[in-house]
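Each remark here refers to the structure printed beneath this line.
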Amino acid sequence: MQETSTPRVPTHPGSDGAARLLTSLVDRSGPPHRSVGGLIDSWHTASGTSLPFGEWADPAAGELVAAFDGGSPITDVELAVVAFAQARAGAGHPAEAVAADLAALVRLAWPSGRGTWGELADPLGLVARALAAWAAERAAASGAGCTDPVTGLVGAGYVRARLRELHDQCRALAISPPVTFAAVVVQLLEGPMPATEQMRLRSVAGRRLADRFRAGETVAALGPRRLAVLMPAHGLDRAVETVRRDLADLAEELSVDGVPFGPDAVSTFRSLAGDPGGS
């Protein structure tokens, strides 16, 4: 029996253009079962871009393949698509490459042919969601060097980029991110608080953290009520106790905790931001 070759998606930027790339995804049938490892291998071979195989071995790509392969609810597939697009945007890959790679995966996992999608999202919608996530991530990255106006610290966009760098270093060295890195997180307690008082607390806490950590740690403002210090994990317990002493006079207004890194940059950011189940 002659083996048929896997359809290829045009390389980017191809003469067919983005419109034809997206149109090619309409009217696909439902997903058959495939092994995740085999699908990643096939995805790399069929992709329209020339990225090395390592790009398909990162957590975001693995989670996306698992969501496509395992009959996951469409919300999980969409979240995996968003995480993949964010990771590729953070690594500097253009939107055309993200769309081409996602198109290749759709055509492998959900082969062409007439059929019903049932509760599955239209593939065109998945590509659109990926491109929207790519654009949002690039916008955040473009302001990564901006500082929080109240504390003077770097913001969430910078932290996302920095986390990707740290996790990439761990992966390149084959070491565990949770064992290698951690963070001290300062959280202003919930409850009624005048805006001026909230700003004062953020400013005071941020200044003290910046004064304390001067050995290459990243001190950041993740939101109106949350500050974080990214640092090596081996000194975390000592750092938490030091920060608690530094902020003892504010203890009734805030909490100080140590947070280990997750297995990948996305899960780590969610933990630091206090939203482990968020998108």
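We number each residue from 1, following the sequence as shown.
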Spatial distance of atom [atom1] ([X]) from atom [atom2] ([Y]) [nearest 0.5 Å]:
X: Leu254; Y: Leu227; atom1: CG; atom2: CG; answer: 8.5 Å
X: Leu230; Y: Arg162; atom1: CG; atom2: CZ; answer: 8.0 Å
X: Leu79; Y: Leu64; atom1: CG; atom2: CG; answer: 11.0 Å

Minimum heavy-atom distance [X]-[Y], with the two atoms named:
X: Arg164; Y: Gln86; result: NH1-O, 4.1 Å
X: Phe269; Y: Leu222; result: CE1-CD2, 4.3 Å
X: Ala210; Y: Leu153; result: CB-CD2, 4.2 Å
X: Ser271; Y: Val259; result: CB-CG1, 4.0 Å
X: Ala61; Y: Phe84; result: CA-CD1, 4.2 Å

- Got a sec, which residues hit side chain to side chain contact (heavy atoms under 4.5 Å, CB included) with Asp211, two or more places apart in sequence or on another chain?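 Once residues adjacent in sequence are excluded, the partners of Asp211 under the side chain to side chain contact (heavy atoms under 4.5 Å, CB included) criterion are Arg207, Arg214.
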
- Message: Tell me every residue that passes side chain to side chain contact (heavy atoms under 4.5 Å, CB included) with Ala130, counting only those two or more places apart in sequence or in another chain.
- Response: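 Once residues adjacent in sequence are excluded, the partners of Ala130 under the side chain to side chain contact (heavy atoms under 4.5 Å, CB included) criterion are Val81, Ala85, Val98, Leu102.
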
Between side-chain atoms of residues 232-243 and protein atoms elsewhere (two or more places apart, or another chain), which donor-acceptor pairs fall under 3.5 Å?
unit_1	atom_1	unit_2	atom_2	d
Glu241	OE2	Arg244	NH1	3.1
Thr242	OG1	Arg238	O	2.9
Thr242	OG1	Arg245	NH2	3.4

- Item | Arg212/Asp246 ion pair, N-O < 4.0 Å |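 Salt bridge between Arg212 and Asp246, a charged N being under 4.0 Å from a carboxylate O: yes.
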
- So which pairs with a foot in residues 194-206 pass salt bridge (charged side-chain N to carboxylate O under 4.0 Å, His left out), sequence neighbours left out?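 Qualifying pairs, neighbours excluded: Asp148-Arg202, Glu197-Arg200.
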
- Item | Where at least one partner belongs to residues 178-189, residue pairs that pass salt bridge (charged side-chain N to carboxylate O under 4.0 Å, His left out), sequence neighbours excluded |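 Listed once each, the pairs would be none.
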
- Query: Taking ILVMFWY side chains as joined if any heavy atoms are under 4.5 angstrom apart, and letting links pass through other members, which residues group with Leu189?
  - Reply: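 None, because no other hydrophobic side chain comes under 4.5 Å of this residue.
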
- Item | Residues clustered with Val266, ILVMFWY side-chain links under 4.5 angstrom |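 So far as hydrophobic clustering goes, Val266 is joined with none.
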
- Who are the ring-ring contact (aromatic ring centres under 6.0 Å, His included) partners of Phe213, not counting sequence neighbours?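 So Phe213 forms no ring-ring contact (aromatic ring centres under 6.0 Å, His included) with any residue.
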
Atom pairs and distances, side-chain donor-acceptor, residues 176-188, under 3.5 Å, sequence neighbours left out:
unit_1	atom_1	unit_2	atom_2	d
Thr180	OG1	Ser176	O	2.6
Gln187	OE1	Arg226	NH1	2.4
Gln187	NE2	Arg225	O	3.4

- Item | Joint cluster assignment, Val219 & Met199, ILVMFWY side-chain distance < 4.5 Å |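 Shared cluster, no.
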
- pair Asp101-His93: side-chain heavy atoms closer than 4.5 Å: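 A side-chain contact under 4.5 Å is absent here.
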
- Name the one of Val229, Val204, Thr151 that satisfies side-chain contact (heavy atoms from CB on, under 4.5 Å) with Leu209?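 Going through Val229, Val204, Thr151 one by one, the side-chain contact (heavy atoms from CB on, under 4.5 Å) with Leu209 is satisfied by Val229 alone.
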
